[in-house]
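For reference, the structure is listed below as structure tokens.
Keep in mind that this is a model prediction, so the values were computed, not measured. If you read the sequence from its start, that first residue is 1, and numbering goes on from there.
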Amino acid sequence: MYQITISTGEDRADWLYSVDDVIKNKLRNCIAVSALHTSGHRVYCSFGCEPGSKTQMLGAIKEGVVETFGVVGKFDFIKSNLLLGLPQSNYELLLHTLVAFDRENEHKLLNKIIRIEDNMALDGIFNFKLGELKDRWLEICNLTRNNGAYLYDDETYNELLRFLISAVNPKINKLTVCESEGKYRLTGALKNSIIDLVVLSSSELMYYLIDFAPLELVIDGKLSNIELSKRLTGIFDAKTLNTVRNKTKK
């Protein structure tokens, strides 16, 4: 059996848990196993597979590491370097949007940097090999902080998020959102699958929309949260279902 182990300090254990989750999803059709354990102040994750699945497993591990640095690592870095007195919900939404900003180019760079090998340390890679990325992230933090006064106006805040999301490659062309019994339902179609999600809060809905970055967002019916409705229109240029139907008829 082929085996490889990666680790990180216990203060970054969530990074390793994230890698493990991503890899398990990637290896559903591959005969491979993983195991987490702690020794001293470090957390380890070992992966094992039959020799014939080695290439597939290493590819999945690399995808997991790249995804973790590009999302969880970036989120942690920006959060520690961007201190603003915004309302908590606006601050969290801004953080998620900044993480999504330019993600494709950053993932390309991470793919060039990351080399999967046994006994690799995630915290060591983050501390010593991601200098170029961290310089970019720090520049984003500085620009946002220097213009922080404008973020207290809802219209300007929405314009900033709209600009940031415009630089995110969309994962889907069209999404429809409707509200029922205080919950939100997101539906859409990808090439080989259907998206049908029930979301419990407006904040969670916004996080999904930032991640999907749809080219078109349609609101089916009325939303009870007026602030959310304005935000969907201001950031995603959302249209009502009736408006879309009228345009189609013309």
Do the side-chain N and O atoms of Glu179 and Ser224 include a donor-acceptor pair separated by under 3.5 angstrom?
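A donor-acceptor contact under 3.5 Å links the two side chains.
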Does any donor atom in the side chain of Ser18 or Thr68 lie under 3.5 Å from an acceptor atom in the other side chain?
yes
In terms of hydrophobic clusters joined by side-chain contacts under 4.5 Å, are [X] and [Y] together?
X: Leu86; Y: Leu93; result: yes
X: Tyr157; Y: Leu84; result: yes
X: Met1; Y: Met57; result: no
X: Val19; Y: Leu36; result: yes
X: Leu215; Y: Leu197; result: no

Within the supplied structure, the quantity of interest is the number of heavy atoms (other residues, nucleotides, ligands) at a distance under 6.0 Å from [X] [atom1]; does it exceed 12?
X: Ile226; atom1: CD1; value: no
X: Lys62; atom1: NZ; value: yes
X: Tyr152; atom1: OH; value: yes
X: Lys108; atom1: NZ; value: no
X: Lys134; atom1: NZ; value: yes

Below 4.5 Å, heavy atoms only, C-beta onward: do [X] and [Y] meet side chain to side chain?
X: Asp118; Y: Thr5; answer: yes
X: Leu94; Y: Leu161; answer: yes
X: Ile4; Y: Leu58; answer: yes
X: Arg42; Y: Leu16; answer: no
X: Asn142; Y: Arg145; answer: yes
X: Asn81; Y: Trp137; answer: no
X: Leu122; Y: Phe69; answer: yes
X: Phe126; Y: Trp15; answer: yes

With a 3.5 Å distance limit and no angle check, can you tell me whether Lys174 reaches the backbone of Glu216 through a side-chain donor-acceptor pair?
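Side chain of Lys174 to backbone of Glu216, a donor-acceptor pair under 3.5 Å: no, none is there.
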Whether the side chain of Asn147 engages the backbone of Leu143 through a donor-acceptor N/O pair (distance < 3.5 Å, no angle test) should be reported.
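Indeed, once roles are kept as given, a pair shorter than 3.5 Å links the two residues.
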From [atom1] ([X]) to [atom2] ([Y]), nearest 0.5 Å:
X: Glu67; Y: Asp21; atom1: CD; atom2: CG; answer: 11.5 Å
X: Tyr208; Y: Ser203; atom1: OH; atom2: OG; answer: 13.0 Å
X: Thr38; Y: Glu10; atom1: OG1; atom2: CD; answer: 8.0 Å

Identify the heavy atoms of Asn225 and Glu227 that sit nearest to each other, and give their distance.
OD1-N, 3.1 Å
Using 30° and 60° as the class boundaries, would you call the ring planes of His37 and Tyr44 parallel, tilted or perpendicular?
parallel
Can you tell whether the side chains of [X] and [Y] come within less than 4.0 Å, N to carboxylate O?
X: Asp154; Y: Lys230; value: no
X: Arg136; Y: Glu132; value: yes
X: Arg185; Y: Asp220; value: no
X: Asp211; Y: Arg103; value: yes

Sort out for me which residue in Leu209, Val218, Asp237 forms a side chain to side chain contact (heavy atoms under 4.5 Å, CB included) with Leu232.
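It is Leu209; the other options fail the test.
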May I ask you to establish whether Lys79 and Tyr91 are in a cation-pi arrangement, using a distance under 6.0 Å from NZ or CZ to the six-membered ring centre and at most 45° from the ring axis?
no
